[in-house]
**Q** 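Starting off with a structure, shown below.
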Amino acid sequence: TVTDNTGIPIPGVEVSIEDTNRGTSTDFDGKFTIEVNDGESIKVAYLGYKTQIITYTGQSNLEIQLQPDQDVLEEVVLVGYGSSRKKDITGSVSSLSKEDFTKGNIISANDLLQGRAAGVNITTGGGAPGSPAAIRIRGGGSLGASNDPLIVIDGLPLENAAPGGSRSVLSTINPNDIESLTILKDASAAAIYGNRASAGVIIIETKKGTKQFQVDYNYAAGIYTRFNEVDVFNAQDFRQIISERRPGDIDELGDANTNWQDEIYRTALSADHNISIRGNLLKRIPTRLSVGHLDQDGLRLTSEYQRTNASIALNPSFFKDHLRINLNANFSQEKNRFAPAVEGAALRFDPTRPVRDPSSPFGGYFEYFTNSSSGIPTPELTVRNPVATLLQRNDRTETNRYYGNLNIDYRFHFLPEMKAVVNLGMDVGEGSGRNILSPESAQGYNSENELVGSEGFFENERRNYLADGYLNYKKDLFKDFNADFTLGYSYQRFENDGFNVGNLRDPQFSDRVEFADIDLVLVAYFARAVFNYEDKYVLTSTYRRDGSSRFSTVNRWGDFFSGAFAWNIMEEDFMQDQNTFDNLKLRAGVGQTGQQGIGPRGIYFANYEVARNVDQSNYMFGSTPIIPGLPTARNTKAQWETATTFNAGIDFAFFKNRLSGAVDIYHRETDNLYVFAGVPDGANFSNFFDQNSGTLETQGLEVELSGIIFDAKGDTDKFDWALNYNVTFMNQEITSLANNEAIRVGGVGGGTGGTIQIHDVGSAPNAFHVFNQVYDANGNPIEGAYADLDGDNVITEDDRYLYRNPMPDITMGLQSTMNYKNFDFTFNLRASLGNYNYNNVNSSNAQYNLLQQQSTVGNIPRSVLETNFQFTENVIFSDIYIEDASFLRMDNIQLGYTFKDFFNKGNNFRLYAGLQNAFVITDYSGLDPEIFGGIDNTIYPRPRTFLVGANVNF
Amino acid sequence: CEDDMDVEPNDPNAFLDDEFYSQPGAYQSAIAGVYANLTLTGIRGSGSSNIQGLDAGTSQYGRSLMNLQTISTDEAIWTYENDPGIREIQRKTWSSVNPILLGSFSRIMASVAFANEFLRQSTDDLLNQRNVPQDERAEIALYRAEAKFLRALAYYHLLDLFGKAPLYDETITVGSFQGEELNRQALFEHVETELLEVLDDMAAPRTVEFGRADQGTALMVLAKLYLNAEVYTGSPRYDDAMTYIEQLLNSGYTLANDYRNNFRGDNSTNEATSEIIFGIPSNFEESRSFGPVVVMTNGGVGSIEENNEDFGLFNPGWGGAIRLTPQFVEKFDGPEFENDVRNTILSEGRTREITDVSNPDEGFVLIKYTNIRSDGTNPEYDTFTDTAFPMFRLADVYLMYAEAHLRGGGGNISQAVSLINELRTRANGATINQSDLTLDFVLDERARELYWESHRRQDLIRFGKFSGGEYIWAFKGGSASGIPTNSIRNLYPIPAQSLSTNQNLSQNPGY
């Protein structure tokens with residue numbers, strides 16, 4: 001029997017007879033049986049523990065107690081197609097296990113990661129429950145291709161698109177089921193995932209079954225409140241400004257006093273239950289079963305989110321652990337009610353008008369309308385009552401997602417150094433939804449001008465199948481020289497199809513429109529070799545050959561290499577006598593990763609598209625509509641985008657491990673950059689297509705520090721305080737582009753087709769492209785007056801210049817954990833510095849001419865009092881709207897108290913209360929500085945949440 | 001399993017080319033695709049576009065013509081100068097980065113690309129390979145002639161607007177090939193040759209459906225080509241212009257009795273079909289885009305008048321997007337125009353002058369295009385329209401006759417006066433005498449008869465009044481009162497992107 005230093009049996013310990021092929025590993029009770037002769041040496045090795053070698057002297061029973069290896073900083077780290085001791089890691093990897101996870105209102109897996117790892121930047125789309133988050137590892141590194149990292153859950157790479165009706169890819173996964181998160185940041189770490197790893201990899205490992213019976217129950221309830229609003233005129237001030245500016249419109253005003261932003265939001269509640277049961281099923285199969293149910297209302301009226309999860313993990317092993325099977329099966333059901341975005345209408349709607357009007361023909365909601373010549377109430381062309389927009393629409397979806405995998409790990413009986421792993425996975429998401437607009441709605445006219453409301457529905461199914469397998473051979477080739485080889489194959493297929501019906505109540509849009517994506521098939525061969533000499537020098541090298549159906553047979557395959565080296569200085573003889581360092585390791589690596597995540601599939605096809613009825617895109621020959629068939633733009637030369645990353649890092653620990661951390665610097669060059677750029681006019685069937693042309697360079701410095709300020713050394717009566725801090729400095733520059741032509745991006749509200757950002761050579765991506773505002777002697781902006789930068793005496797497009805960009809220069813995260821007796825107290829702070837926003841709320845609203853809102857009057861932001869701008873057209877591209885959006889946010893604060901041995905010994909009962917999104921410190925004048933992409937058109941406000949909860953285990 | 005990567009379209013509306021052309025009716029569908037580039041921006045609805053770099057609707061073919069031939073002149077002021085590029089177009093301060101110029105150049109060149117693809121896919125060899133029935137082949141041959149015409153039409157528009165274009169024909173493989181530049185002289189000759197070659201292969205005038213091109217359409221482009229030859233090449237060809245004008249007069253076209261039927265909701269089926277030589281069709285239920293008629297109806301609704309019902313619109317329009325310069329209004333000054341049906345100007349409660357472009361209450365407005373049918377029925381459409389955009393019509397031929405005659409192209413003066421008076425009589429206006437018929441009169445009369453039909457810039461250039469200081473109108477050159485502009489503005493610059501993607505192209509002088 002093999003036990004740890006506390007006497008608990010350790011399963012899976014490698015036991016082998018030196019200089020023979022005989023080997024086995026321990027079972028779940030730490031027991032093993034092996035054939036051994038007198039005088040032979042039995043080697044007992046387990047990651048994180050000191051290897052013991054016992055000379056066999058005829059004992060019938062061996063009790064071996066392994067001692068933790070002080071040199072190793074505990075963990076085993078997942079590296080893709082296997083795991084590695086942290087000591088052997090050569091690349092840049094951050095990992096979080098469940099003990100380190102952020103506590104608080106964790107709805108989605110991204111909540112666990114936010115602010116927790118250097119180089120990982122997560123921006124949620126707003127405060128909607130389950131809102132999708134943009135996750136950027138080291139800024140991504142693409143312009144036109146996907147910047148989303150590859151997410152691998154238990155060896156199953158996910159698709160970045162969510163099935164129809166789902167809030168996001170990660171929202172269907174129950175965070176309570178997650179055991180650990182590992183982020184592969186540099187190419188040498190990620191290259192084993194070659195084809196999809198350019199933007200980094202997040203490996204999610206779910207919790208496994210155990211032999212010990214244990215039940216965990218978690219409950220959390222939240223109260224969500226709004227704590228900020230766009231500053232527009234209140235009713236009294238609005239009357240005043242109308243009487244000053246548009247005296248002719250005084251009789252357009254009502255006599256109510258409405259804060260429309262108060263009316264569209266509410267205080268919302270959530271409840272989250274999770275129960276998991278672990279134990280040995282049939283006395284043989286370690287099993288974990290978990291069920292969770294989350295019910296969360298959104299801040300915006302009618303917004304609802306419900307998620308029900310059930311997962312089962314079966315982790316049996318057979319033949320003395322030669323054969324291990326891990327089966328994960330998950331079911332997730334998401335039920336949503338989406339609330340339409342009405343923030344724009346709420347800030348525009350006249351505050352002197354009431355929400356409800358008993359005489360209104362539109363369901364009792366106040367709306368602007370006239371009685372047409374036929375006597376039918378006809379809504380005026382103006383803003384619609386945002387409360388009615390919310391309450392008269394019922395937009396519900398349901399998504400059922402089934403995902404899981406079967407992992408078979410076999411260690412050869414005759415060759416214990418060799419193992420074969422086969423992994424079969426699938427992820428099927430079925431979404432459906434129905435979107436009904438009440439016939440009483442003022443927006444409920446169909447194209448035949450009948451007030452019938454609308455009713456659309458859709459179904460969508462996304463399927464993802466995986467089959468991969470690898471052989472692993474690990475052996476001491478010579479004394480102190482260990483080699484570890486992996487050779488594998490992977491096949492993955494993605495399918496997506498469905499239909500939608502635009503509006504059943506409109507004969508012109510009631511057709512069922514079928515759609516189906518071209519299948520995406522990815523095939524890869526990969527190999528990895530790790531050499532380790534005396535644990536001092538570790539060399540890792542990977543090679544991956546990837547094929548993607550996105551490319552023609554000529555350019556289908558990409559080859560990606562990496563090599564990395566680590567030097568564990570601590571293992572050197574000269575370090576044995578020093579007391580300063582507890583860990584010191586240098587790492588350096590270089591590697592390539594590929595990107596094929598470009599928008600259209602089948603871009604190389606000679607493809608024709610035929611117009612569908614519902615699109616009303618026919619050509620008339622006389623009175624006969626002819627369905628046109630049009631060739632689509634094609635690029636037969638499309639190929640892999642390739643990123644080459646150089647990374648160097650140092651891991652260190654001082655003061656008896658009380659201060660530890662890592663510093664990494666990297667330089668990444670993305671070549672054959674995917675850009676959506678110009679093609680010669682007349683040469684193709686568009687003037688733009690996706691093409692490989694351009695280079696983007698990214699460099700950065702990342703520091704992660706962990707410090708134990710007060711070390712209670714496990715004594716719960718003493719005060720214990722640990723801090724984790726990370727900081728990221730990053731800079732990106734486009735160094736070449738197709739035809740040296742800048743690419744306009746960043747569409748804005750206000751006007752038709754305007755863009756505010758540009759990708760240009762010599763600049764960061766998405767730089768703001770604006771006019772340089774001219775101010776008068778008193779420092780007030782002069783409307784429409786801009787610096788004539790090209791000196792031609794007229795202000796034209798050529799006078800726009802590049803000014804700032806939305807990407808932060810520095811991001812930081814700080815987590816503090818304190819324990820004293822039975823109390824625990826944690827908080828998470830996050831900061832972003834040097835990121836700029838374009839305040840599109842002000843640029844497209846804060847002008848006096850917008851006091852007229854089409855046929856009525858309309859409210860505008862109070863910031864108009866500072867600029868005194870009259871016309872939107874004159875000012876919308878002014879740099880006055882580019883604002884510093886640096887911020888410091890207190891993501892969460894939590895205080896907990898644990899009743900130990902509550903029911904009986906070993907059971908704990910913890911109660912906690914917390915505050916999420918406690919405060920934001922910023923100079924930004926808009927609602928929230930944290931806007932992905934930097935164009936602020938108002939977001940679904942992120943709520944402040946008060947949370948209470950309980951964890952029980954027995 | 002590597003073979004699994006050889007995927008094919010799964011969408012019921014997408015096909016590889018061989019599969020597409022092997023279906024019955026594919027060639028009709030394909031030629032409709034070439035035509036569709038004149039009206040649709042993409043085949044996924046009015047918001048879709050196969051031309052990028054600007055708003056989808058703004059890239060529409062007829063909309064490009066409207067922006068570059070109408071908005072750039074004294075005929076209109078566009079209120080929303082935050083719509084990218086429009087400010088520089090209407091103030092004559094554009095540069096090569098203007099998105100409307102890119103959209104226009106790219107949209108018109110797309111017609112060349114689509115026409116070439118049709119010609120590539122309809123060779124006898126491929127028809128045989130795809131077992132296309134013999135009885136469909138004659139129609140396909142006609143389609144081929146129409147595809148060649150549409151390609152020549154596109155090159156004619158580029159000749160007029162940009163003065164040069166890259167050469168692409170059906171022998172060039174689809175991809176990133178950089179076509180050789182045709183300078184203005186070479187482009188003129190290319191269009192001339194192509195039109196003369198294809199003329200006999202096309203259907204006789206008025207023998208194909210509305211919306212398709214026939215010999216009459218080709219004659220019209222030839223007539224326009226020669227009328228403007230002096231501008232294009234420096235060598236006058238007014239006699240050649242007169243030849244084709246006279247052929248057109250004898251091709252069976254007749255004026256509609258009611259001038260306004262040319263611009264009504266049923267102009268693709270009412271009596272105007274005898275006057276409209278080529279129209280870009282539009283259909284509320286079947287064929288939607290943000291084309292010129294949609295813009296000139298919705299945008300024509302006055303901010304003060306809220307007269308959407310007069311346009312046959314159920315929705316209240318776009319808050320007064322289009323107004324008139326005072327200089328255009330002057331063309332209808334005088335008692336003889338009070339009852340002229342072409343004079344649809346609304347002035348009540350409005351100032352004639354525009355001091356601030358952004359203020360939709362300033363400046364006069366008018367009603368030209370409507371959804372209302374010739375029988376007076378009002379469909380009350382929402383935004384979109386059935387009204388075709390009349391790219392060419394017979395009234396223009398009448399005016400071209402008078403001008404070609406006055407410029408020494410032959411014909412006779414009494415015929416010229418009588419044609420003008422036919423237009424005037426129809427319009428319920430005062431007739432003219434021989435002595436009234438001067439070139440300046442023709443230019444003004446063209447404005448009165450043909451405003452908002454995308455001829456104005458070409459006309460002003462032919463009369464030497466578009467750039468320079470001879471004729472100043474509001475916001476010409478930038479300021480409200482207008483200033484002279486440089487003569488380089490008689491040509492638009494080649495868009496910066498079009499230059500950078502095709503190294504063979506050179507920029508027009510002065511840009």
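Throughout, protein chains are lettered first and strands after them, A, B, ... in sequence-line order, and every chain is numbered starting at 1.
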**Q** Tell me which of these, A:Asn607, A:Thr382, A:Asn449, has more heavy-atom pairs under 4.5 Å with chain B than the rest.
**A**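 So the answer, after comparing A:Asn607, A:Thr382, A:Asn449, is A:Asn449.
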
**Q** Let me know if B:Pro9 has heavy atoms under 4.5 Å from chain A in its side chain, its backbone, both or neither.
**A**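 Backbone plus side chain of B:Pro9, per the 4.5 Å heavy-atom cut-off to chain A.
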
**Q** Would you check if B:Thr79 and A:Phe871 make a side-chain contact, meaning some heavy-atom pair closer than 4.5 Å?
**A**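 Sidechains of A:Phe871 and B:Thr79: no contact.
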
**Q** May I ask you to decide if the ring planes of B:Phe314 and A:Tyr445 are parallel, tilted or perpendicular, using 30° and 60° as cut-offs?
**A**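 The rings of B:Phe314 and A:Tyr445 sit tilted, inter-plane angle from 30° to 60°.
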
**Q** Answer with side chain, backbone, both or neither: which region of B:Glu19 has an atom nearer than 4.5 Å to a non-hydrogen atom of chain A?
**A**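 No part of it gets close to chain A.
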
**Q** Tell me, side chain or backbone of A:Val523 under 4.5 Å from chain B's heavy atoms, or both, or neither?
**A**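 Both backbone and side chain of A:Val523 come within 4.5 Å of chain B.
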
**Q** With chain A as the partner, which of B:Gln178, B:Gln503, B:Glu117, B:Glu88 has the greatest number of non-hydrogen pairs under 4.5 Å?
**A**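 Going by pairs under 4.5 Å, I would pick B:Glu117.
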
**Q** When you measure from the side chain of A:Gln616 to the backbone of B:Arg288, do you find a donor-acceptor pair of N or O atoms at a distance under 3.5 Å?
**A**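 The answer is no, because no donor-acceptor pair under 3.5 Å joins these two groups.
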
**Q** Could you check whether any side-chain heavy atom of B:Phe177 comes within less than 4.5 Å of a side-chain heavy atom of A:Pro680, counting everything from C-beta outward?
**A**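 Heavy-atom side-chain distance check fails, nothing below 4.5 Å.
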
**Q** Mark yes or no for whether A:Thr796, through its side chain, and B:Trp94, through its backbone, hold a donor-acceptor pair below 3.5 Å.
**A**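 Side chain of A:Thr796 to backbone of B:Trp94: no pair is present.
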
**Q** Between A:Asp681 and B:Ser106, does a side-chain hydrogen bond (donor to acceptor under 3.5 Å, both in side chains) hold up when you go through it step by step?
**A** CA-CA 6 Å; A:Asp681 291 298; B:Ser106 296; 2.7 Å; yes

**Q** For residues A:Arg744 and B:Gln52, determine if any side-chain heavy atom of one lies less than 4.5 Å from a side-chain heavy atom of the other.
**A**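 No, every pair of side-chain atoms sits at 4.5 Å or beyond.
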
**Q** Would a 4.5 Å heavy-atom cut-off, applied to side chains only, mark B:Asn283 and A:Asn618 as touching?
**A**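 No - every pair of side-chain heavy atoms lies 4.5 Å or more apart.
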
**Q** Sub-3.5 Å donor-acceptor pair from the side chain of A:Asn684 to the main-chain atoms of B:Gly175, do we have one?
**A**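 Yes, A:Asn684 side chain to B:Gly175 backbone: donor-acceptor pair under 3.5 Å.
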
**Q** I need the residue from B:Ile51, B:Val112, B:Asn315 with the largest number of non-hydrogen atom pairs under 4.5 Å to chain A.
**A**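 Going by pairs under 4.5 Å, I would pick B:Ile51.
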
**Q** Chain B: which of A:Arg612, A:Gln691, A:Gln852 shares the most heavy-atom pairs with it under 4.5 Å?
**A**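 Top option by heavy-atom pairs under 4.5 Å: A:Arg612.
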
**Q** Does the side chain of A:Thr553 come within less than 4.5 Å of B:Asp6's, by heavy atoms?
**A**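 Yes, close enough: below the 4.5 Å cut-off.
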
**Q** Would you name the heavy atoms of A:Ser617 and B:Gly45 that are closest together and state the gap between them?
**A**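 Result for this residue pair: OG-N, 3.0 Å.
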
**Q** Atom CD1 in B:Ile31, atom CD1 in A:Ile626: separation rounded to 0.5 Å?
**A**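 That separation rounds to 11.5 Å.
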
**Q** Sub-3.5 Å donor-acceptor pair from the side chain of A:Glu873 to the main-chain atoms of B:Arg87, do we have one?
**A**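 No.
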
**Q** Do side-chain atoms of B:Asn10 reach the backbone of A:Asp517 as a donor and acceptor pair under 3.5 angstrom?
**A**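 Yes, B:Asn10 side chain to A:Asp517 backbone: donor-acceptor pair under 3.5 Å.
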
**Q** Between the side chain of B:Asn50 and the main-chain N/O of A:Ser686, is any donor-acceptor distance below 3.5 Å?
**A**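 Side chain of B:Asn50 to backbone of A:Ser686: no pair is present.
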
**Q** Return the option, out of A:Phe605, A:Phe515, A:Tyr619, with the maximum number of heavy-atom pairs under 4.5 Å with chain B.
**A**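 Between A:Phe605, A:Phe515, A:Tyr619, the count favours A:Tyr619.
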
**Q** Of the listed residues (A:Gly622, A:Pro631, A:Ala611, A:Gly682), which shares the most heavy-atom pairs with chain B below a 4.5 Å separation?
**A**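 It is A:Gly682.
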
**Q** Given heavy-atom pairs under 4.5 angstrom as the criterion, report whether the side chain, backbone, both or neither of A:Arg601 touches chain B.
**A**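 Neither part, no heavy atoms under 4.5 Å.
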
**Q** Using heavy-atom distances under 4.5 Å, tell me whether A:Ser447 contacts chain B through its side chain, its backbone, both, or neither.
**A**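 For A:Ser447, heavy atoms of backbone and side chain both lie under 4.5 Å from chain B.
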
**Q** What part of B:Leu16 gets within 4.5 angstrom of chain A, counting heavy atoms only: side chain, backbone, both, or neither?
**A**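 Answer is both: backbone and side chain atoms of B:Leu16 are under 4.5 Å from chain A.
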
**Q** Using non-hydrogen atoms and a 4.5 Å limit, figure out which bit of B:Tyr35 sits close to chain A: side chain, backbone, both or neither.
**A**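 The answer is both parts of B:Tyr35.
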
**Q** Under a 3.5 Å distance rule, please check whether A:Tyr608 uses its side chain to pair with a backbone N or O of B:Tyr21 as donor and acceptor.
**A**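 Not at all, since once roles are kept as given, no pair shorter than 3.5 Å links the two residues.
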
**Q** Side chain from CB out, backbone as N, CA, C, O: work out which of these in B:Phe15 comes under 4.5 Å of a heavy atom of chain A, or both, or neither.
**A**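 Contact with chain A is through both the backbone and side chain of B:Phe15.
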
**Q** In sequence, state the C-alpha distance, the side-chain angles, and the governing distance for B:Asn82 and A:Thr872, and then conclude on side-chain hydrogen bond (donor to acceptor under 3.5 Å, both in side chains).
**A** CA-CA 7 Å; B:Asn82 49 331; A:Thr872 316; 5.9 Å; no

**Q** Is B:Leu54 in contact with chain A via its backbone, its side chain, both, or neither, using a 4.5 Å heavy-atom distance?
**A**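 The answer is neither part of B:Leu54.
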
**Q** Give, as side chain, backbone, both or neither, the part of B:Ala56 having an atom under 4.5 angstrom from any heavy atom of chain A.
**A**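 For B:Ala56, there is no contact with chain A at all, as no heavy atom is under 4.5 Å.
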
**Q** What part of B:Ala14 is in contact with chain A, defined as an atom under 4.5 angstrom from a non-hydrogen atom: side chain, backbone, both or neither?
**A**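 Contact with chain A is through both the backbone and side chain of B:Ala14.
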
**Q** Fit a plane to each ring of B:Tyr143 and A:Phe621, take the angle between them on a 0 to 90° scale, and name the class: parallel (under 30°), tilted (30 to 60°) or perpendicular (over 60°).
**A**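 Tilted, since the angle between the ring planes falls between 30° and 60°.
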
**Q** Heavy-atom pairs under 4.5 Å with chain A - which of B:Glu306, B:Arg107, B:Arg91, B:Glu81 has more of them than the others?
**A**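 Looking at each of B:Glu306, B:Arg107, B:Arg91, B:Glu81 in turn, B:Glu81 comes out on top.
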
**Q** Counting C-beta onward and ignoring hydrogens, is there a side-chain heavy-atom pair between A:Arg550 and B:Met5 closer than 4.5 Å?
**A**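 No; the side chains remain at least 4.5 Å from each other.
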
**Q** Sort A:Asn740 into side chain, backbone, both or neither according to what part of it lies under 4.5 angstrom from a heavy atom of chain B.
**A**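 Answer is neither: A:Asn740 stays 4.5 Å or more from chain B.
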
**Q** Does any non-hydrogen side-chain atom of B:Ser358 lie less than 4.5 Å from one of A:Asn874?
**A**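 They are in contact (side-chain heavy atoms under 4.5 Å apart), so the answer is yes.
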
**Q** Measure B:Ser498 against the heavy atoms of chain A and call it side chain, backbone, both or neither at under 4.5 Å.
**A**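 Both backbone and side chain.
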
**Q** Out of A:Val794, A:Thr632, A:Asp798, return the one with the most heavy atom pairs under 4.5 angstrom to chain B.
**A**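 Among the listed options, the one with the most contacts to chain B is A:Asp798.
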
**Q** Under the 3.5 angstrom rule, does the side chain of B:Ser176 hit a backbone N or O of A:Val679 as a donor-acceptor pair?
**A**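 Flag not set: sc B:Ser176 to bb A:Val679 has no pair under 3.5 Å.
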
